[in-house]
Student: 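Encoded as C-alpha cells, here's the structure I'll be asking about.
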Amino acid sequence: MMKQLSIDLLQQTVNRSDLGLIVLDEHLSIVLWNEWMAAYTGLPSEQACSSGILEACPELLNSRVHEAIINTLLTNQPAVISNVLNRTPFKLYPPASIKQGNKDISCIQQAVKIVPLTGTDSKRLCMIQISDVSAAVKREKGLEQQVKERRLVEQALDQERALFIAGPTVVFTWPAGDNRIIDYISPNIKQQFGYSAEQFLNGEVHMTDLIHPEDEENRLEEINRQILLSNQIIEQEYRIKNENGDYRWVYNLTTVVRNDNGEISKFLGYLFDITERKLIEEKVEQQAYYDELTGLANRRMFMDRLNRELTRAKRRKYMGALFFIDLDRFKSINDTLGHSVGDLLLKRISKLLQKNLRQDDTAARLGGDEFVIILSDLGHQVDEVTENAMLVAQKIKSTLGEKHIINGNEVHSTPSIGIVTYSGKDKYSADDLIRYADTAMYRAKTAGRNEIRFFSSEMQQQVDNQRQLEKSLRAALDNKEFTLYFQPLFNNKNKIISAEALLRWKHPEKGWISPADFIPLAEETGIILPLGEWVLHEACSQLKKWEQSHQNQSNKAFLLPILAVNVSPKQFRQKNFVSQVKEILQQYDINPTRLEIELTEGIVIADVEDTIQKMNDLKSLGVKIAIDDFGTGYSSLTYLKNLPIDVLKIDQSFVRDITKDKSNSAIVRSIISMATNLGLYVIAEGVETLDELDHLISEQCAIFQGYYFSKPLSADEFGNFYQTTIPTKI
Ligand code: C2E
Ligand code: CA
Ligand code: CA
C-alpha cells in the first residue's frame, strides 16, 4: 500500500520532467514510467507499468545497460552508461509501430544514469534517468518551452528528493552563484557522514570545507566546464571529510536547474558513498601497475607510458631517450649479504633514480635488478639529445655508484647503462626500443661494467648475427656438425695422464666456430642440454674405441687412462644428470673412474646443497670431479674443502701472468700448497712456453695442459700423436 502511494506520488511529480525516468524493482518490473518515456516510446504509463522493462523497452536494454541495472540493484552503486562528452552515446529507437505525433524523431541520443533508491517500504529500487542530448531535438524545442519544463522539473525534483530519504543516496540542492549555501539536504546525510542536515542548513557546516582540497579545484572547474557545454548532468568523484575526520569517496551526480529566463538557478546533487569501491580500485591498480617492492611503475605500466610517449613525441616532434639499467654483481650482493639487504638496495636505487628525473620522466623496474627510464623531450637535434641523455646517465652512474650503508653493511653497487634515443620519426615499437636499450646495456656490461653505452646500428647487426647463430646452432646437432677434439694433459715426467674433450662446431658456411662463441649461447637457449648429452655419449664412445684398438693391437696402442668432459651449469642442474651419466657409462661399458667431470666454480656457489648431493652421487659411481678455471670465481679453497673434489685446474690467466707478475705467482703458489694439503691434484692450464712450464714446476705444479705440449686434436690425430711422441704406457 505504502509503495503504491509513494510511487503514485512520484509518478505525478516526475511526469513533466524533461528527463526520461523509469523506476524498476528487483524483478525488473516497471514501477514508474514518466510521460517523457511515454512520449518518446509511445507506450503509455499504465501499459508500461504492467510489464517488465524487457517488453516495454527492449531497445534500451542493450547488454551494457542491462548489466548496469542488475549491478545497481545488487550493489546499490550508481552507474552511468554513456556520457556525451567522453563516452559514445547509444541510440534508442522508438518502436516502429508507434507514431511520434508531430515530432519527427526517428532516434534520439541519450545519456543514461542508473541511481539506486530505497522505496519507503525499504525495497530496493533503481531509477533509470535518460537525458536527451541529441542536438536536433534541442533545437526543435523553443526556449520558452524548455524553461517551462525545467521549472516543472525543479518542483518535481523537490518532491522527488523527499521521497528517498531512507536510501543511501544523499540528495541536496544549492542555489546557483553561491557554493557555500545548501538550501536542502536529505536527513540521511547523518547516517552517511555524521553531520546533521540542520548543521548544513544553518551554516554551521559548509560542504565546500569538507571536500578534499586536492579535489575541490577540479570539482569547480569541471562544473563550470560542463555548464559552458550546456550539459544538464555533471558527474564527479571526490573525497568528503566525515565527522570523524576521515575522508570518504563519493560519487556526485549534479543536475542543473534553470529559471524562467533559462538561467541556472539551482543545482541538484546526489551523493553516493563509493569509498569501498575506490579502495578496491586503488588496490587493484597498485597491484596491476606498480612494482610491489620499490613502488616504481611495473612493466605493464611502463609499456603503457612508453607507447603514449612515442605518440606524443611524434605529435610534438621531439626526441627522447630510453635507458636500460642493470646493477652490476647484484646477485652476489644478494647471495653474500642476504635478500633483505638486496631488497633494501633495490629500494634505495629506485629512490635515487627518481631523484635524478624530471616530472615527465618515468622510471620502472622490470624485475630483478633491471630498471628502465623514459627521458621525455630532450630536444630536437640528435647531438643535443645524445648530450642531454649522457648527462643524465652520468649523474645516475655517479649517484648509484656511491657507497650505500644498508643495515650496517657497506654496499657497493655500480650500474651498467644502455641508452637508445627515439624520435617521432622512426618506426620503432616500444618493444624494439627496450630491446635496443637492453642490447646497449649488455655492451656496457661486456665493456667491463659500470659503463654507459648508446645503441647503434652496428649493435643491431650483432644482435641479428646472434639470432642467426642461434638458428643454425639449433640445427647443428641434427646436421651432425659437432666433433670432439682431445687435448692431452702431461705430468712432470712428460707422460700423458689424461685428456680433455673439447667441442668443435663446423658451421656449413662459416667454418669452425669457437666454443667460446657458441657455448654461452647454447647455455642461454637451453641447447646445451641435448648438446651436453651428445658430448658425454661421444666422449664415452671414443674412450671405448681407443680401448678396443688397444686390445686389438695387443696392447701396443695407447690406453688413455682418464678423459675429462666439460659440463655446463644448466646441464649439471638437471634433475637426472647423475643417472644420465650412469646410463651412458653403462651403455658404452666404461669404467666410471676413467671419466672426469669439469665444473666451474659458479656451479658450486649457485646451489650448494644440490651440488654436494650430485657430487657425492657421482663420486659413489666412481666418476672424478675437477673444478675448472679455478681462481676466476669467488670460491675460496676452504670453502671447497667440504666438497668431494679430486682436481683443481688453475685458470690460464694465472699461468699467463706467472712469469711477469710476482703477486700472481704467489697466488699460484698458495693455491698449489693448499690444494696439496687438501689432497687435491692441481693442473695448470694454458701452458704455452717453456718459461711458464719451468716456473710452474718450480712452484711444485705436477700436471700441465697447453699448447706447449699439444693443441686439442681430432680423435685420429690424438691416436697418432700419442703413438709418435710417447709410445709408452702409463
Ligand atoms: P676450458 O674448459 O677452459 O678449455 C680450455 C680451453 O683452452 C680450450 O679452448 C683449449 O683449446 C684452450 N687451450 C688449451 N691450451 C691452451 C694454451 O696453451 N693457450 C691458449 N690460449 N688456450 C689453450 P676451447 O676448446 O676453445 O674451449 C673454450 C671453452 O669452451 C672451454 O674452456 C670450455 O669452457 C668450453 N667448452 C669446450 N667444450 C665444451 C663442452 O663439451 N661442453 C661445455 N659445456 N663447454 C665446453
Ligand atoms: Ca675445461
Ligand atoms: Ca679451463
Side-chain angles (χ1 to χ4, degrees), residues 473 476-477 481-490 496 498-506 511-543 562-574 577 580-581 584 595-603 624-633 645-659 671 681-693 695-696 701 703-715 717-718 721:
L473 187 60
L477 251 187
E481 290 164 15
F482 292 108
T483 329
L484 274 194
Y485 268 53
F486 303 89
Q487 188 176 31
L489 277 76
F490 290 76
I496 295 180
S498 63
E500 177 176 5
L502 292 161
L503 197 50
R504 294 290 174 264
W505 176 19
K506 191 168 186 187
W512 293 108
I513 297 180
S514 159
D517 291 333
F518 71 81
I519 293 287
L521 185 62
E523 172 84 2
E524 208 176 283
T525 53
I527 299 173
I528 196 70
L529 299 183
L531 185 54
E533 195 177 349
W534 179 87
V535 169
L536 281 167
H537 272 276
E538 192 64 15
C540 289
S541 150
Q542 191 55 54
L543 267 179
I562 296 169
L563 181 59
V565 171
N566 292 285
V567 168
S568 85
K570 214 176 233 171
Q571 198 184 350
F572 185 73
R573 289 275 161 255
Q574 289 176 104
F577 177 69
Q580 191 184 81
V581 171
I584 295 173
L595 181 68
E596 188 167 287
I597 300 274
E598 292 194 4
L599 302 170
T600 50
E601 288 171 85
I603 288 188
K624 296 188 168 54
I625 296 167
I627 297 294
D628 205 355
D629 305 341
F630 187 77
T632 54
I645 293 166
D646 303 279
V647 180
L648 279 191
K649 297 186 80 173
I650 300 179
D651 190 65
Q652 306 197 5
S653 55
F654 293 98
V655 174
R656 198 87 333 107
D657 293 339
I658 201 166
T659 51
I671 292 178
Y681 290 99
V682 179
I683 298 174
E685 284 191 291
V687 183
E688 292 183 351
T689 64
L690 186 58
D691 260 8
E692 286 166 359
L693 179 64
H695 209 111
L696 286 160
C701 187
I703 311 174
F704 315 97
Q705 176 182 1
Y707 295 169
Y708 176 72
F709 296 92
S710 168
K711 294 208 161 183
L713 307 166
S714 70
E717 284 169 345
F718 188 86
F721 172 80

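Since the structure is predicted, the reported quantities are computational estimates derived from the model, not experimental observations. Counting from 1, the numbers follow the sequence of the chain as shown. Counting starts at 1 for both ligands and their atoms, in listed order. All values below were derived from every heavy atom in this structure, side-chain atoms included, with hydrogens, water molecules and symmetry-related copies excluded.
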Student: Any heavy-atom pair between the side chains of Tyr485 and Lys711 that's under 4.5 Å?
Tutor: no

Student: Quick one, Val647 with Lys624, criterion side chain to side chain contact (heavy atoms under 4.5 Å, CB included). Give me CA distance, side-chain angles, the key distance, then yes/no.
Tutor: CA-CA 8 Å; Val647 180; Lys624 296 188 168 54; 5.7 Å; no

Student: Tell me whether ligand 1 is touched by Gln705 - counting only heavy atoms on the residue side and a distance under 4.0 Å.
Tutor: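 The answer is no: ligand 1 sits nowhere under 4.0 Å from a heavy atom of Gln705.
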
Student: Considering only heavy atoms, does Asn566 approach ligand 1 within less than 4.0 Å through its side chain, its backbone, both, or neither?
Tutor: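 Under 4.0 Å from ligand 1, Asn566 contributes backbone and side-chain atoms.
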
Student: Out of Arg504, Glu692, Gln652, who gets a non-hydrogen atom closest to atom 6 (C) of ligand 1?
Tutor: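 When every heavy atom of Arg504, Glu692, Gln652 is considered, Gln652 comes closest to atom 6 (C) of ligand 1.
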
Student: Say whether Glu685 and ligand 1 are in contact under the criterion: heavy-atom distance to a ligand atom below 4.0 Å.
Tutor: yes

Student: Side chain or backbone of Lys649 under 4.0 Å from ligand 1, or both, or neither, by non-hydrogen atoms?
Tutor: neither

Student: Does Ala626 offer a backbone N or O that forms a donor-acceptor pair with the side chain of Asp646 under 3.5 Å?
Tutor: no

Student: Taking all atoms of both residues into account, what is the closest heavy-atom pair of Glu533 and Gln571, and its distance?
Tutor: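 So the two residues come closest at N-NE2, 3.9 Å.
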
Student: Taking it one step at a time, do Leu503 and Leu531 satisfy side chain to side chain contact (heavy atoms under 4.5 Å, CB included)?
Tutor: CA-CA 10 Å; Leu503 197 50; Leu531 185 54; 3.8 Å; yes

Student: For Tyr681, I'd like to know if atom OH has over 12 heavy atoms of other residues, nucleotides or ligands within 6.0 Å.
Tutor: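 Not buried by this count: 12 neighbours or fewer within 6.0 Å.
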
Student: Of the backbone atoms (N, CA, C, O) and the side-chain heavy atoms from C-beta on, which set of Val565 has a member under 4.0 Å from an atom of ligand 1: side chain, backbone, both, or neither?
Tutor: neither

Student: Please confirm whether Glu500 comes under 4.0 Å of ligand 1, counting heavy atoms of the residue only.
Tutor: yes

Student: Should you measure from each heavy atom of Glu688, which atoms of ligand 1 turn up under 4.0 Å away?
Tutor: 17 (C), 18 (O), 19 (N), 20 (C), 21 (N)

Student: Specify the protein heavy atom at minimum distance from atom 15 (N) of ligand 1: its residue, its atom name, and the distance to 0.1 Å.
Tutor: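 The closest one turns out to be Gln487 NE2, 3.0 Å.
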
Student: When rounded to the nearest 0.5 angstrom, what distance separates OG1 in Thr483 from NZ in Lys506?
Tutor: 8.5 Å

Student: Side chain, backbone, both or neither: which part of Ser568 has a heavy atom under 4.0 Å from ligand 1?
Tutor: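 Within the 4.0 Å criterion, Ser568 contacts ligand 1 through backbone and side-chain atoms alike.
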
Student: Working to the nearest 0.5 angstrom, can you tell me the gap between Leu693 CG and Ile658 CD1?
Tutor: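 The CD1 atom of Ile658 is 10.5 Å from CG of Leu693, to the nearest 0.5 Å.
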
Student: Could you tell me whether Tyr707 and ligand 1 have an N or O pair separated by under 3.5 Å?
Tutor: yes

Student: Check whether any side-chain N or O of Lys570 sits under 3.5 Å from a backbone N or O of Glu523 as a donor-acceptor pair, and report yes or no.
Tutor: yes

Student: In the protein, which heavy atom is nearest to atom 27 (O) of ligand 1, and how far is it?
Tutor: Pro515 CG, 3.4 Å

Student: So Phe482 and Trp505, would you call those rings parallel, tilted or perpendicular, with 30° and 60° as cut-offs?
Tutor: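 Rings of Phe482 and Trp505: tilted, 30 to 60°.
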
Student: Are the aromatic ring centres of Phe572 and Phe577 under 6.0 angstrom apart?
Tutor: yes

Student: Backbone, side chain, both or neither: what part of Glu523 comes under 4.0 angstrom of ligand 1, heavy atoms only?
Tutor: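 For Glu523, there is no contact with ligand 1 at all, from either part.
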
Student: Closer than 4.0 Å and a protein heavy atom, does any atom meet both conditions relative to atom 34 (O) of ligand 1?
Tutor: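 Within 4.0 Å: no protein heavy atom nearby.
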
Student: Does Gly686 have a non-hydrogen atom less than 4.0 Å from ligand 1?
Tutor: yes

Student: Using only N, O or S atoms, tell me which atom of Glu500 is closest to the Ca ion (ligand 2).
Tutor: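 Output for this pair reads OE2.
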
Student: Would you say atom 24 (P) of ligand 1 has a protein heavy atom nearer than 4.0 Å?
Tutor: yes

Student: Could you walk me through whether Leu489 and Gln487 pass the side chain to side chain contact (heavy atoms under 4.5 Å, CB included) test, one step at a time?
Tutor: CA-CA 7 Å; Leu489 277 76; Gln487 188 176 31; 5.5 Å; no

Student: Determine, stepwise, if the pair Glu685 / Phe630 fulfils side chain to side chain contact (heavy atoms under 4.5 Å, CB included).
Tutor: CA-CA 10 Å; Glu685 284 191 291; Phe630 187 77; over 6 Å; no

Student: Please report the interatomic distance SG(Cys701) to CD1(Ile671), rounded to the nearest 0.5 Å.
Tutor: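 CD1 of Ile671 is found 10.0 Å from SG of Cys701.
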
Student: Just need the protein heavy atom nearest to atom 10 (C) of ligand 1, so name the residue and atom and give the distance.
Tutor: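 Checked against all protein heavy atoms, atom 10 (C) of ligand 1 sits closest to Leu502 CD1, 3.8 Å.
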
Student: Would you give the length of the straight line joining atom CG of Asp628 to atom CD of Glu500, rounded to the nearest 0.5 angstrom?
Tutor: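 Asp628 atom CG to Glu500 atom CD measures 6.0 Å (nearest 0.5 Å).
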
Student: Do Leu503 and ligand 1 have an N or O pair less than 3.5 Å apart?
Tutor: yes

Student: Using a cut-off of 3.0 Å, how many protein N, O or S atoms sit around the Ca ion (ligand 3)?
Tutor: 4

Student: For the atom pair CG (Leu543) and CD1 (Ile562), what is the distance rounded to the nearest 0.5 Å?
Tutor: 10.0 Å

Student: Donor-acceptor pair, Glu692 side chain versus Glu688 backbone, under 3.5 Å?
Tutor: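 A pair under 3.5 Å: yes.
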
Student: Any idea which atoms of ligand 1 are less than 4.0 Å away from a heavy-atom of Pro712?
Tutor: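 Near Pro712, the atoms of ligand 1 are 11 (O).
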
Student: Answer with side chain, backbone, both or neither: which part of Asp629 has a heavy atom less than 4.0 angstrom from an atom of ligand 1?
Tutor: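 Asp629 to ligand 1: side-chain contact only, backbone stays beyond 4.0 Å.
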
Student: Need the ligand 1 atom indices (1-based, order shown) with element for anything under 4.0 Å from a heavy-atom of Val535.
Tutor: 41 (O)

